[in-house]
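Following: one structure in structure tokens, then a few remarks.
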Amino acid sequence: MEVLVSQSYEEMSLTAAGMIADVLNAKPNAVLGMATGSTPLGVYKELVRLHREGRLDFAQVTTFNLDEYVGLPSTNSQSYHHFMRENFFRHVNIAPGNVYIPSGTTSNYKSFCDWYEQRIKECGGIDLQILGIGSDGHIAFNEPGSSLSSRTRLKTLAKCTIEDNARFFDRPEDVPIYAITMGVGTILEARSLLLLATGENKASAVAQMVEGPVTAMITASALQLHPSATVLLDESAASGLKMRDYYDWVMKKKPGAPPM
Ligand code: PGA
């Protein structure tokens, strides 16, 4: 796992967008795993800017989103379908048929989840998965206790997540209680992982993810099992890390290392 601490949210977002651009430039038909939430907004803004400047082409790209609330139609302004459309997809030249987001309104969740897993495989697997982290240490909606080999399925959201998400809804009782989410096992199959975290309220979850034991209680800790995981943080999200000097040292010395 590589840990890279940026001076600000903006710098972190630019770094992440640069890494995604590198993947697309090397493989124009790459499959990207997309995340929602406040954290990746800066990354999407920068990717859109690069696209508008003619430096990034999404014509052959396929995307799979991590999760969606159960019960919200794609037209609902709090659905992740709406979030992705407004913050990213409508601003770039991605083919609508190449965009996959879990359905929050399917009549058969089991078969939808199986189909979603199958589609990821048929598209060649995810090259780069973007991730956020919940204050309870979740990745996607894999709440504490989720199996580290879980697949796409229905989850009941933890109270902590419901409270965190209440800021986006008019009334607390409007926050969905269930979600459809890629599993930890699904996420670990992506060829590389890029997790972003910003702000003091993520510091404890980040420290447990990077420096704690691998445990289903902090599903983000499963990143320790992945051969190519990068964690991008701002200063406040990194404030709970004990080995911070070491991570800075490694990143500083990396350019001088012999090529692999
Ligand atoms: P946030 O959500 O980016 O809105 O903090 C992250 C998450 O819950 O994964």
Side-chain angles (χ1 to χ4, degrees), residues 6 8-10 12-13 15-17 20 32-47 64-70 72 77-84 86-88 101-102 104 126 128-146 148 150 152 155-169 172 174-184 186-188 190 193-210 216-223 229-240:
S6 302
S8 65
Y9 173 75
E10 288 69 31
M12 180 188 83
S13 303
T15 305
I20 296 163
L32 292 180
M34 311 302 270
T36 50
S38 338
T39 312
L41 281 173
V43 180
Y44 293 144
K45 208 169 134 197
E46 176 62 7
L47 291 176
F64 284 89
N65 263 78
L66 287 169
D67 44 21
E68 177 58 287
Y69 289 122
V70 163
L72 298 192
S77 64
Q78 293 311 326
S79 72
Y80 288 163
H81 280 76
H82 183 269
F83 176 101
M84 289 307 300
E86 289 308 307
N87 292 301
F88 189 60
I101 305 177
I126 293 171
L128 174 71
Q129 176 66 59
I130 305 166
L131 296 163
I133 181 170
S135 58
D136 65 357
H138 70 207
I139 42 172
F141 276 133
N142 294 288
E143 299 290 26
S146 292
L148 299 185
S150 50
T152 304
K155 278 301 285 183
T156 306
L157 300 182
K159 283 186 183 157
C160 159
T161 301
I162 294 171
E163 281 160 21
D164 284 350
N165 293 348
R167 68 189 192 279
F168 299 112
F169 291 82
D174 292 340
V175 189
I177 292 171
Y178 306 100
I180 178 168
T181 181
M182 272 188 210
V184 182
T186 319
I187 293 168
L188 289 179
L193 304 179
L194 180 57
L195 184 143
L196 296 118
T198 175
E200 186 70 45
N201 69 324
K202 299 291 174 68
S204 162
V206 165
Q208 293 181 80
M209 160 181 70
V210 178
M217 288 298 127
I218 301 285
T219 54
S221 67
L223 263 69
T230 304
V231 175
L232 291 183
L233 308 169
D234 67 1
E235 287 287 350
S236 353
S239 60

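When a residue number appears, it is its place in the shown sequence, counting from 1. Just follow the structure's listing: the first ligand is 1, and inside any ligand the first atom is 1.
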| request: Do me a favour and list the nearest non-hydrogen protein atom to atom 7 (C) of ligand 1 with residue, atom name and distance? | output: His138 NE2, 3.5 Å
| message | Any side-chain to backbone donor/acceptor pair from Thr219 onto Asn142? Under 3.5 Å, distance only. | response | yes
| message | Considering non-hydrogen atoms of the protein only, which is the closest contact for atom 6 (C) of ligand 1, and what is the distance? | response | Ile133 O, 3.5 Å
| field | Closest non-hydrogen atom pair, Ala16 against Val43 | value | CB-CG2, 3.7 Å
| field | Which atom of Ala197 lies closest to which atom of Ala237, heavy atoms considered | value | O-CB, 3.5 Å
| query | Against heavy atoms of Arg167, which atoms of ligand 1 measure under 4.0 Å? | reply | 4 (O)
| message | Under a 4.0 angstrom heavy-atom cut-off, which atoms of ligand 1 come close to Gly37? | response | 3 (O), 4 (O)
| field | Short side-chain donor-acceptor distance under 3.5 Å, Ser146 and Lys155 | value | yes
| said: Tell me which one of Tyr69, Phe88, Phe168 satisfies ring-ring contact (aromatic ring centres under 6.0 Å, His included) with Tyr80. | reply: Tyr69
| task | Run the numbers for me: atoms of ligand 1, each under 4.0 Å from some heavy atom of Gly132, listed by number. | result | 9 (O)
| Does the N or O separation between Thr39 and ligand 1 drop below 3.5 Å for any pair? | yes
| query | Which residue and non-hydrogen atom of the protein lie closest to atom 4 (O) of ligand 1, and at what distance in Å? | reply | Ser38 N, 2.9 Å
| field | Exercise: do Ser204 and Gln208 side chains pair donor with acceptor under 3.5 Å | value | yes
| note | One finds that the ligand 1 atoms under 4.0 Å from a non-hydrogen atom of Lys202 are 1 (P), 5 (O), 6 (C)
